[in-house]
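Working notes for the structure below.
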Amino acid sequence: MIVSVIGAGTMGNGIAHVFAQHGFTVNLIDVSAAQLEKAIATIGKNLDRQVSKAAITEEIKNNTLANITTHTGFEGIGNSGLVVEAATENTELKLNIFKQIDAVAPAGCILATNTSSISITKIASVTGRPESVIGMHFMNPVPVMKLVEIINGYATDKKVTETIVALSKQLNKVPCVVNDYPGFIANRILMPMINEAIYSLYEGVAGLEEIDTVMKLGMAHPMGPLQLADFIGLDVCHAILKVLHDGFGNPKYAPCPLLTNMVTAKKLGVKSGEGFYVHTPGSKELTVSPAFIK
Ligand code: CAA
C-alpha cells in the first residue's frame, strides 16, 4: 500500500519513518523543500541510532530510506491507499488540507489525521467521504512509543477502523480505539496533569525540579510533567487545553496563566530552546530556566 504523509515536522517524519521501516512505500509531503530535507536527515539519524542499538540492520535502514520519496505538492496522493495528515495543529489549516486531499485521493483511500485534539467529525465534514475519515494519533517519539490512539469520527465506517487497527499492528504498535470528544483520551487525561503541574509551580507549592522529581520517582513517569510539556511544546499544550476548555465549557480545563504568559513570550520548550528548562541541541542535560531558579 502507498501511504502519503502530509507534514514533515517531528510527527510527520516519525510517521513516515515507521511506515517505511515496515515495508510501505511512503510519499512524504510538505510545502517546504528545506523541511523535507531536514526530515530525511532526522529519519537517517534515528535509523542510525536503531542500527547502533542493534534494533535494526543496516539493510533495513537502507530499505527504509529507499521507501520514502519527498514531494512539495499533492501529486503522489493519487495512488495512495492511506493519507496521514500530520500538519501543524491548526483547525483552519487542517480543514483546508482535507478539502484538497479529498479532491485528489482515489475512491477507497482512507484519510487519517494525526491531530492531537481537533474534532475528527469536524475535519470529516469538509470532505465528501466522512465515512473514510479517522484519527490516527501517534505519540512522540513515533519510532519509540507503542501507542496509536485511533479516533472514530461520528460517521467513520467500521471497516475503516478495522483497517487502521490492522495497519497499526503491522507497524508493531498497539492500537486503542476511542471516540471523538475533546482531547480524545490521551490528552483529556495528560493535559490536565500538565496544567496542574504548572499551577503548582505558579502558586509556589513546590519548585520546578521538585514537581518533576515527585512524578518521575514517585509515579515512574519517564519525564516529569514540566519536562514533558517542554518536549511536547508549550504552544501545543496551550492549544489542546483551549480545545478542552471550549469543548466542555468547564473552568477546570482553563490553561494556567503562567502557561499563557510563557507561550506569549515564545518560551515554547525544546523547539524554541527554552521553556521550563533551557535546552541545548545535542545535549541531554536539563538546566532549569533562569526564570525558575529560586
Ligand atoms: N527514534 C528512534 N529511537 C529513539 C528515538 C527516536 N526519535 N528517541 C529515542 N529513541 C530510543 C533510544 O535509542 C533508546 O533505545 P533503547 O531503549 O533501545 O536504548 C530509547 O528510545 C530511550 O531513549 P534515550 O536513552 O535516548 O532517552 P530516554 O531513556 O530519556 O528516553 C524518551 C527518551 C523515550 C523520549 C522517554 O523520555 C519518554 O518516554 N518520555 C515520555 C514520552 C512521552 O510521554 N511521549 C508522549 C508525548 S504526548 C504526544 O506525543 C501526543 C500529544 O498529543 C501531545
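All values reported here derive from a predicted model rather than from experimental measurement. Both ligands and their constituent atoms are indexed starting at 1 by order of listing.
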ask   = Who's closest to atom 5 (C) of ligand 1 heavy-atom-wise, of Asn13, Val144, Leu190, Thr115?
value = Val144
query = Looking only at protein heavy atoms, which one is nearest to atom 49 (C) of ligand 1, and how far off is it?
reply = Met139 SD, 3.7 Å
task = Flag yes if more than 12 heavy atoms outside Lys267 fall under 6.0 Å of its NZ atom; otherwise flag no.
result = no
query = Does the pair His22 and Asn172 meet the rule for a side-chain contact (heavy atoms from CB on, under 4.5 Å), with working shown?
reply = CA-CA 9 Å; His22 290 86; Asn172 198 23; 4.0 Å; yes
task = Enumerate the atoms of ligand 1 whose separation from the nearest heavy atom of Pro141 is less than 4.0 angstrom.
result = 7 (N), 8 (N), 35 (C)
message = Give the atom numbers and elements of ligand 1 that come within less than 4.0 Å of a heavy atom of Met223.
response = 37 (O), 40 (N), 41 (C)
ask   = Among side-chain atoms of Tyr202 and Asn261, is any donor-acceptor pair under 3.5 angstrom?
value = no
remark   = Lys284 heavy atoms within 4.0 Å reach ligand 1 at atoms 24 (P), 25 (O), 26 (O), 27 (O)
message = Between ligand 1 and Asn140, is the shortest N or O to N or O distance under 3.5 Å?
response = yes
Atom pairs and distances, side-chain donor-acceptor, residues 189-199, under 3.5 Å, sequence neighbours left out:
from, atom 1, to, atom 2, distance (Å)
Asn195, OD1, Cys256, N, 2.9
Asn195, ND2, Ala254, O, 2.9

query = Can you tell me if CD on Glu75 sees more than 12 non-hydrogen neighbours from other groups inside 6.0 Å?
reply = yes
key: Nearest-contact summary for atom 44 (O) of ligand 1 - protein heavy atom, Å   = Leu228 CD1, 3.5 Å
note = protein heavy-atom neighbour closest to atom 18 (O) of ligand 1 works out as Lys53 CD, 4.0 Å
query = Phe138 versus Leu171: any side-chain heavy-atom pair under 4.5 Å?
reply = yes
key: Nearest-0.5 Å distance that lies between atom CD1 in Ile43 and atom NZ in Lys38   = 12.5 Å
task = For the residue pair Thr156 and Asp180, establish whether any side-chain heavy-atom pair is separated by less than 4.5 Å.
result = no
task = Can you pull out the closest protein heavy atom to atom 39 (O) of ligand 1? Residue, atom name and distance to 0.1 Å, please.
result = Pro222 CG, 3.6 Å
ask   = Below 4.0 Å from any atom of ligand 1, is there a heavy atom belonging to His137?
value = yes
inquiry  = Can you classify the ring geometry of Phe24 versus Phe19 as parallel (below 30°), tilted (30 to 60°) or perpendicular (above 60°)?
reply    = perpendicular
query = Under 4.0 Å from atom 2 (C) of ligand 1, is there any protein heavy atom?
reply = yes
inquiry  = On a heavy-atom basis, I'd like to know which of Met145, Glu149, Lys216, Glu89 is closest to atom 43 (C) of ligand 1.
reply    = Met145
query = Does the protein place any heavy atom closer than 4.0 Å to atom 20 (C) of ligand 1?
reply = no
task = Give a yes or no on this: more than 12 heavy atoms of other residues, nucleotides or ligands lie within 6.0 Å of atom CZ of Phe248.
result = yes
ask   = Looking at atom 27 (O) of ligand 1, would you say a protein heavy atom lies below 4.0 Å from it?
value = yes
ask   = Does a side-chain N-to-carboxylate-O contact under 4.0 Å join Glu162 and Lys159?
value = no
query = Any side-chain heavy-atom pair from Ser80 and Val3 closer than 4.5 angstrom?
reply = no
His17 contact mode with ligand 1 (heavy-atom cut-off under 4.0 Å) = neither
inquiry  = If you scan the protein for heavy atoms around atom 14 (C) of ligand 1, do you find one that is closer than 4.0 Å?
reply    = yes
task = Using protein heavy atoms only, decide if any is under 4.0 Å from atom 31 (O) of ligand 1.
result = no
query = Quick check: does Asn187 get an N/O under 3.5 Å from an N/O on ligand 1?
reply = yes
task = Verify the contact flag for atom 51 (C) of ligand 1, where contact means a protein heavy atom under 4.0 Å away.
result = yes
